[in-house]
Amino acid sequence: MSDPFLVRLPKGDDLLEAVTRAFEERSISSASFTVIGAVIDAVVGYYDFETKSYRNREFKGDFEIVSCMGNVSLKDGRIFVHAHISLAGEDFACFGGHLMPGAAIFAAELMAAPVPGDANVREMDEPTGLALWRAAR
Ligand code: ZN
């Protein structure tokens, strides 16, 4: 089992990729985490329940990461990061959704809490069209 860890992610890296790499480097496949900091540009997804697909929107500019939280599990045998993010620009208005690749780190502090035990495994869930954890029984 790994201890909780705090790490500053590299400026200029893609936020989602850098978070994923932080867990891959430590071979951690089960964790919860938060990130605060700032990014340049961002792509945020909204899951359309009808079409069962993500609608992505690209935002250009400098943004505060008001909140970014997520979890780590296994999907197709690989470490998979699921993250949601709230961002705010110079008008202080928040927006957010599912974090997609496309946010360049200006500054980012990752606070991670590995979870002991077997990692949750993501599998296709037909009713939602999403790769979800197995339901609790
Ligand atoms: Zn999501």
Side-chain angles (χ1 to χ4, degrees):
M1 181 195 144
S2 302
D3 291 326
F5 63 94
L6 305 172
V7 64
R8 180 168 68 96
L9 301 175
K11 185 176 187 294
D13 282 11
D14 181 86
L15 179 59
L16 184 57
E17 289 176 11
V19 171
T20 301
R21 196 176 336 112
F23 291 104
E24 287 174 344
E25 287 172 354
R26 294 166 176 79
S27 299
I28 294 170
S29 56
S30 185
S32 66
F33 68 87
T34 62
V35 180
I36 56 173
V39 291
I40 301 164
D41 302 336
V43 179
V44 176
Y46 168 82
Y47 191 71
D48 186 317
F49 297 176
E50 299 302 319
T51 64
K52 296 181 179 175
S53 62
Y54 280 98
R55 274 191 254 149
N56 295 337
R57 183 177 291 186
E58 187 174 355
F59 295 89
K60 291 285 186 187
D62 301 341
F63 302 108
E64 289 282 342
I65 302 172
V66 176
S67 176
C68 176
M69 62 187 302
N71 56 56
V72 180
S73 56
L74 289 173
K75 182 180 174 187
D76 300 326
R78 301 191 56 162
I79 290 170
F80 178 80
V81 169
H82 182 196
H84 287 190
I85 193 164
S86 294
L87 298 165
E90 60 183 344
D91 64 356
F92 296 93
C94 278
F95 60 93
H98 184 99
L99 177 65
M100 296 289 185
I105 293 169
F106 182 76
E109 297 168 342
L110 169 66
M111 296 155 276
V115 175
D118 292 337
N120 278 349
V121 175
R122 290 187 179 276
E123 295 175 336
M124 180 50 62
D125 176 71
E126 294 301 335
T128 62
L130 292 165
L132 300 177
W133 297 339
R134 284 189 200 103
R137 300 189 211 298

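The model shown is predicted, which means the values in this text are computed figures rather than measured ones. Values below: every heavy atom of this structure, side chains too, minus hydrogens, waters and symmetry copies. Just so you know, ligand 1 is whichever comes first in the structure, and atom 1 is the first atom listed for that ligand.
- Aromatic rings of Phe95 and Tyr46 (six-membered ring for Trp) have centroids beyond the 6.0 Å cut-off, not under it.
- Residue-and-atom listing of protein N/O/S atoms under 2.8 Å from the Zn ion (ligand 1), sorted by chain and number: His82 NE2, His84 NE2, His98 ND1.
- A 4.5 Å side-chain heavy-atom check between Leu6 and Leu110 finds every atom pair outside the cut-off.
- The shortest distance between side-chain heavy atoms of Phe33 and Phe23 falls below 4.5 Å.
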Could you walk me through whether His98 and Tyr47 pass the side chain to side chain donor-acceptor pair (under 3.5 Å) test, one step at a time?
CA-CA 8 Å; His98 184 99; Tyr47 191 71; over 6 Å; no
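- Side-chain contact between Ile65 and Leu15: present, with at least one pair of heavy atoms (C-beta onward) separated by less than 4.5 Å.
- When the salt bridge (Lys or Arg N to Asp or Glu O under 4.0 Å) test is applied to Glu123, the partners found at least two apart in sequence or on another chain are Arg134.
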